[in-house]
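Reviewing the structure listed below.
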Protein chains: 2
Amino acid sequence: MSIRDYIESLDERSRQVLFAVIESYIHKPEPVGSRFVTKKYPIGFSPATIRNIMSDLEEAGLLAQPHTSAGRVPTDKGYRYYVDALLNPAGGVSKDSYAGTMQDFARRLDTMKNDLAVMFHEVTDTLSRMSNYVGVALPPKAAKTTFHRIDLMKYRDGNVVAILLTDEGLIRNKIIKIDPELTQDDLNRIADYLNSENRGRTIDEMTLMLVALMQDEKALWDSMISRAIEVCKQTFNFNEGDLYVSGLYDAMDLPDFSDIGKIRQLSRAIKDKHTILRLLDEFAEAEGVNVIIGRENTSSELQNLSIVAASCRESGRPMGVIALIGPTRMDYSKAIFMVDMVARQISRTFDEHR
Amino acid sequence: MSIRDYIESLDERSRQVLFAVIESYIHKPEPVGSRFVTKKYPIGFSPATIRNIMSDLEEAGLLAQPHTSAGRVPTDKGYRYYVDALLNPAGGVSKDSYAGTMQDFARRLDTMKNDLAVMFHEVTDTLSRMSNYVGVALPPKAAKTTFHRIDLMKYRDGNVVAILLTDEGLIRNKIIKIDPELTQDDLNRIADYLNSENRGRTIDEMTLMLVALMQDEKALWDSMISRAIEVCKQTFNFNEGDLYVSGLYDAMDLPDFSDIGKIRQLSRAIKDKHTILRLLDEFAEAEGVNVIIGRENTSSELQNLSIVAASCRESGRPMGVIALIGPTRMDYSKAIFMVDMVARQISRTFDEHR
DNA sequence: CATTAGCACTCACCACCACAGAGTGCTAAC
DNA sequence: GTTAGCACTCTGTGGTGGTGAGTGCTAATG
C-alpha cells in the first residue's frame, strides 16, 4: 500500500474527525469529546454520528480513550497518519506569519556561515525560540569534512596548540603533546607541509594517507613527515559529540512537561547525548523533513517525545542535521514547517556564496 | 560583635540542638521534632527541655515551624549560623573518604591545565558528580588575562580566523573581517608584530596601548600597524559569558526540586547567565570559601538557592571562580569541603608548573 | 531553679463518601 | 444512514471524621 493509498484509506469524514481531534488536542491537551467536535469544526453531523466515527477510529488504533467516559486522544499512530498527510501534499503549508522572522534569520545566517559553531548555536536558538520546543543541531562529522588548513603554535609547557580549519566552517583547536624541542619554525614547516599537500582532502582521506605513509620506511626517516603524522594523529582524534541544544528551559513550560518525571526523561535524553547523536546521524543523508513519533523511537528515553529533523546540504553534501524535539503532542504542522524552512535556508546560504 | 562572639552567643545546648535540627533536616527534608532530637542526638535532655530550647531558637529566628504542631525547620538565618560555625574553626572538617577521588582528580587536572575550556568543563563535571548539586565555573575575565600569542589565518570569503592564546590557558578563536586583499604573508607579519611587541601584557593593557597608538598619526600611516589595530579591535571584542555549568539534570533528582516550579526557577537562573555571572564575579577576588544562603541573594531568581563559591589563583592572581549551586537545604559541610578542596587543587596545579 | 512528666490542643494527612458534570454506548425513532 | 434520548461510567471536587505527630502549658520533681 503506497503512502497515498494509506492516507486515502480513511474516508473523508473520518479524516476530518481525526484531524479535528488532533488539532484540538494539540491546541489544548484535553480529551476531545464528540459534542466539542461538532461545535468547533463544521463537519455537519450530530454528536452521535461523530461518536460512531470516533469509535471506528479508536478501533483502527488512531484514537484512544484515557478512560471509559472521557473524550478521545490521539495515539502515536494517529499522529503518524496526520504527519504523513501533512508531509505528503508537497508541504504546501506556507505560513506567511514567519516571513519577517525568516528574512531576518537569513540575514544573520549569512554573517555566521563561516563559523559552524556560531551558526549552529544561533540556529538552535532560533528554532527553539520560534517553536518553544527543544532545538538541536548536529554539525557534519569532523572526519567527513574537508581539510582546509592547519596551524601549529607553541604554547605552555612545550605543548602545541593545533588549529584545524575545514572547508565547511568547522574550527577546532586542540592541545597536543609533541617533541618539546621543536621550535616555532619547525612547527611552521610541519604545518606548511600538511597545508600544501592536503588541501581539498577529507579528514578521513588524510587519515588513510597517513596509514599508508606510516608503512613507508623512507618517509619515517624523514623526521618532518613523521612529526606531521604525529600531529595529525593527535589533532584528528576528536571526541565527536558537539551537539548543540537550546530551549530546554522554555520547553519545561509546556503543559506536557508539567509532571516532573517527563522533564527528567527529556533532560536525561539530552544529557547523555549518545542517543540523540546516533538518531540525528541517521538523518544526515535523508531527504526532506523526517518525523519520529513517540514509541516509534527505538530508544526508550525518547518514547514520549517526537523529533522533527532535516539535514542541511551544501551542493548535495551533508552539512549537519537540525531538529526539534518536543512532546508527542507537538504542533507538527508548525514544527515541520520551521525545520524545513530553516534547513532550506541554511542550505541556500551555503550554496549561494560558492 | 565579632564572628567568634556571634557564634558563641548561643549557649552550648542551644547550639547542639540547632545543629541537630539542621543536620537531621539536611539528611531528610522533614520537620524535626523534639522527641526525635533526643533519640538521635545524645544531648541528654528530655523532649520537653528540647522544646523550650527550640522555642527560644525560633524566637531568635534560627528555626521555624511550617505550621503549629509540626517540628522545626532551619531558616536561612539558621543555616547562616551553621555555616559560619563550620567555616570558622579553620575548616578542620577533613574527609578522608574523598581522598582517592581527589588524587585521581589532581592527576587528570594536570593534563588539562593548559586548556582552560577543557579544564573548567572537567571541574564542573567533577564537582557536580561528587555533590549532586549544580557545578559552575567562571574562567578569568578575558580582558584581565595575559596576551601570549595571536595567530591569523586566511579563511573562507576573504575572512580571517584569529586565534588568541593567553598565558592563563584561554584559547579563543574568532572570525574577523579585514581587508580581503591581504595575503597570508601579510597576516603573518601582522601577527609577528603583535606577538613580538606585546608578550606579557594583559589584554586590557593592549587595548589601552591601541587607543594611544590610534592617536598617533605617524602610526596610522603605517598600514601594518593600523591593520594590527583593526585585528585587535575585532579579536578582543569578546562576548564575555562562557559560564561552565554541569549537573543540572542530576540536581533535579533532589527532593527539593520535586516541585516543578523550583526546577524552573533554577533552570531560569542558569539560563540567563547574567545573574550568576555577576555573582561569581564578585567572588573572583575574595579569599577562601564564600557561601550565600537563600534570601541573602539579592537577585530574586536565586532566593531559594544557596551558592558555595571559591576562587582559584595562580601565584595570587585570580584564575576564575568555581562554585556549587544547590537548594538552601544543602549539605554545606560537604559542599564547602568540596569546593574548597577543588579550588585549592586547581591553584596548586597552576602554581606547581611555573 | 532548671528539668521533666503529663495533658490538652492543633493541625496535616488520609480515607471515605456523595455529588455534579462530562462524555460515552446503545437503542429506537426519523 | 443519521439522530435524539437515555442509562451508565468515570473523574474531579468538596466535605467529614479519625489518626498521629508534635506542640505549649502547667504542675510536680530533684
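Note that the structure is predicted; figures quoted are calculated from it, not measured. Lettering follows sequence order; numbering is per chain, from 1.
Checking side-chain atoms of B:T328 against main-chain N and O of B:L305 turns up no donor-acceptor pair under 3.5 Å.
One interatomic measurement links the two molecules: CD of B:E30 to P of D:dT23, which rounds to 14 Å at whole-angstrom precision. Taking atom CG of residue B:N52 and atom P of nucleotide C:dT3, one finds them 9 Å apart after rounding to whole Å. In this structure, B:I53 atom CD1 and D:dG24 atom P are separated by 13 Å, rounded to whole Å. Atom NZ of A:K28 and atom P of C:dA22 are 12 Å apart (whole Å). Counting to the nearest Å, the C1' atom of C:dG23 and the CD atom of A:Q65 are 8 Å from each other. Following rounding to the nearest Å, A:H67 (NE2) and C:dG21 (C1') show an atom-to-atom distance of 12 Å. Atom-to-atom, CG of B:D56 to P of D:dC25 comes out at 12 Å; the value is rounded to the nearest Å. Spacing between atom CZ of B:F36 and atom P of D:dA21 amounts to 13 Å, rounded to whole angstrom units.
For B:T68, the side-chain atoms get nearest to C:dT10 when compared with the rest of C:dT10, D:dT23, D:dC10. Nearest to the side chain of B:R72, among D:dT23, C:dG25, C:dT3, sits D:dT23. Listed candidates were C:dC11, C:dT24, D:dA4. Nearest to the side chain of A:A48 is D:dA4. For A:R13, counting side-chain heavy atoms from C-beta on, the closest listed nucleotide (D:dT2, C:dT24, C:dA2) is D:dT2. Ranking D:dT11, C:dT24, C:dT10 by closeness to the A:M54 side chain, first place goes to C:dT24.
At most 12 heavy atoms of other shown residues, nucleotides or ligands fall within 6.0 angstrom of atom CZ in B:R35.
Residues that satisfy the side chain to side chain donor-acceptor pair (under 3.5 Å) test with B:D272, not counting sequence neighbours, are B:T275.
Of the side-chain N and O atoms in A:S46, one or more sit less than 4.0 angstrom from OP1 or OP2 of D:dT3. For D:dT23, neither phosphate oxygen OP1 nor OP2 lies less than 4.0 angstrom from any side-chain nitrogen or oxygen of B:S55. Put simply, B:T49 has a side-chain N or O that comes within less than 4.0 Å of OP1 or OP2 on C:dT4.
Taking 3.5 Å as the limit, the base of D:dG22 and the side chain of B:R35 contain no donor-acceptor pair of atoms between them. Between the side chain of B:S69 and the base of D:dT23, no donor-acceptor pair of N or O atoms lies under 3.5 Å.
The aromatic rings of B:F19 and B:Y82 stand perpendicular to each other, their planes meeting at an angle above 60°, with 30° marking the opposite boundary.
At a cut-off of 3.5 Å, with distance as the only test, no side-chain donor of A:Y41 or A:S24 sits close to an acceptor on the other residue.
Place A:F45 and B:G71 on DNA chain D by their nearest nucleotides, and A:F45 ends up nearer the 5' end.
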